[in-house]
Amino acid sequence: MQLSLMAPRSEAELMARAEALAGRVLRDVAAVVSMPVPADLRHHKGWVGHLVERALGASAASRDEPDFVGLDVELKTLPVDERGHALESTFVCTVPLREIGEVDWAESRVRRKLARVLWIPIEGMRHKPLGDRRVGAPLLWSPTREQEEALRFDWEELAGVIGRGDIESLTGHLGRHLQVRPKAAHGGVRARSIDAEGGMLETLPRGFYLRAQFTEAILRQAFGG
DNA sequence: GATTGATCATAC
DNA sequence: GTATGATCAATC
């Protein structure tokens, strides 16, 4: 397997690398980039994502930059079962609680993050040892007009609730494709939002997530099935 | 069995 | 604490 630690300079180069990963097991990919394989993901939830980042030459994680500098492509691994069904929702970005009521969809973080995504489906069945799980065929995706309209509808509804100061009434049930759920290290973390009178309110940080059915539909449209 | 709310690791 | 990468696990 040929892998460079240098950043890919074009989408074509990025795709070629991603396609070279398809069909391989995580144990082999990890060996190439010198990452130990944990026994399971319970204490290493981000391991698969970091592994693929390194294998594709993404810039270092945990910085507020695109995954591939200059390419403006967001990398997302997606756990799937043996039939290709998505096993988890996909985290998109944190919710800017204080400002979201004054932001339009067009300039939203969600729209920016999802404008161009490289999806890498990876076996995620818990019964399968991590090192044995296979990487699937990559998909470089941008939302269709229909998909973007659907996302915009959900986003505006969710942003509206938060902007009105109703964050505490917002649950993961709202939103057909996009939802808002907690995103924090633990239940004691606080973030600032606004209440119904426009005052300050401390609450759990939240994130936008894509429902599993939505990402599954993206794969299905591309690969059939 | 699917889904929501809770949580885990690491870099800075 | 804030950002990145997500999955776990209790509950519906």
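Sequence lines set the chain letters: A, B, ... in the order given, protein chains first and strands last, and positions in each chain run from 1. Everything numeric here is computed off the predicted structure, so don't read it as measured data.
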Hey, which sits more toward the 5' end of DNA chain B by its nearest nucleotide, A:Leu87 or A:His186?
-> A:Leu87

When the distance from [atom1] of [X] to [atom2] of [N] is rounded to whole Å, what number comes out?
| X | N | atom1 | atom2 | value |
| --- | --- | --- | --- | --- |
| A:Phe208 | C:dG5 | CZ | P | 16 Å |
| A:Lys76 | C:dA6 | NZ | C1' | 8 Å |
| A:Lys183 | C:dA6 | NZ | P | 9 Å |
| A:Arg98 | C:dG1 | CZ | C1' | 12 Å |
| A:Glu99 | C:dT2 | CD | C1' | 14 Å |
| A:Leu56 | C:dT4 | CG | C1' | 16 Å |
| A:His43 | B:dA9 | NE2 | P | 6 Å |
| A:Arg181 | C:dT11 | CZ | P | 16 Å |

Minimum side-chain heavy-atom gap A:Met6-A:Glu13 below 4.5 Å | no

Pairwise side-chain contact, A:Leu178 with A:Phe153, heavy-atom cut-off 4.5 Å (strictly under) |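 No, every pair of side-chain atoms sits at 4.5 Å or beyond.
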
When you check the side-chain N and O atoms of A:Trp141 and A:Gln147, is any donor under 3.5 Å from an acceptor?
-> yes

Would you tell me whether A:Arg206 and A:Ser193 have side-chain atoms, one donor and one acceptor, within less than 3.5 Å of each other?
-> no

Closest nucleotide among B:dA6, B:dT4, C:dA6 to the A:Gln179 side chain |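 Among B:dA6, B:dT4, C:dA6, the one nearest the side chain of A:Gln179 is B:dT4.
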
A:Glu74, nearest nucleotide to its side chain (from C:dA6, B:dG5, C:dG5) |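 Nearest to the side chain of A:Glu74 among the choices is C:dG5.
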
Once you apply a heavy-atom cut-off of 4.0 Å, does [X] come out as touching a base, just sugar-phosphate, or nothing?
| X | result |
| --- | --- |
| A:Arg211 | sugar-phosphate |
| A:Thr90 | nothing |
| A:Pro79 | sugar-phosphate |
| A:Gly46 | base |
| A:Arg42 | sugar-phosphate |
| A:Ala184 | base |

Between A:Ser89 and B:dT3, does any side-chain N or O lie under 4.0 Å from OP1 or OP2?
->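 Result: no.
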
Has the side chain of A:Glu216 got a donor or acceptor atom that lies under 3.5 Å from a matching backbone atom of A:His85?
-> no

Closest nucleotide of DNA chain C for A:Ala191 versus for A:Arg133: which of these residues is on the 5' side?
-> A:Ala191

Would you kindly compare A:Trp47 and A:His173 by the position of their nearest DNA chain C nucleotide and give the one closer to the 5′ end?
-> A:Trp47

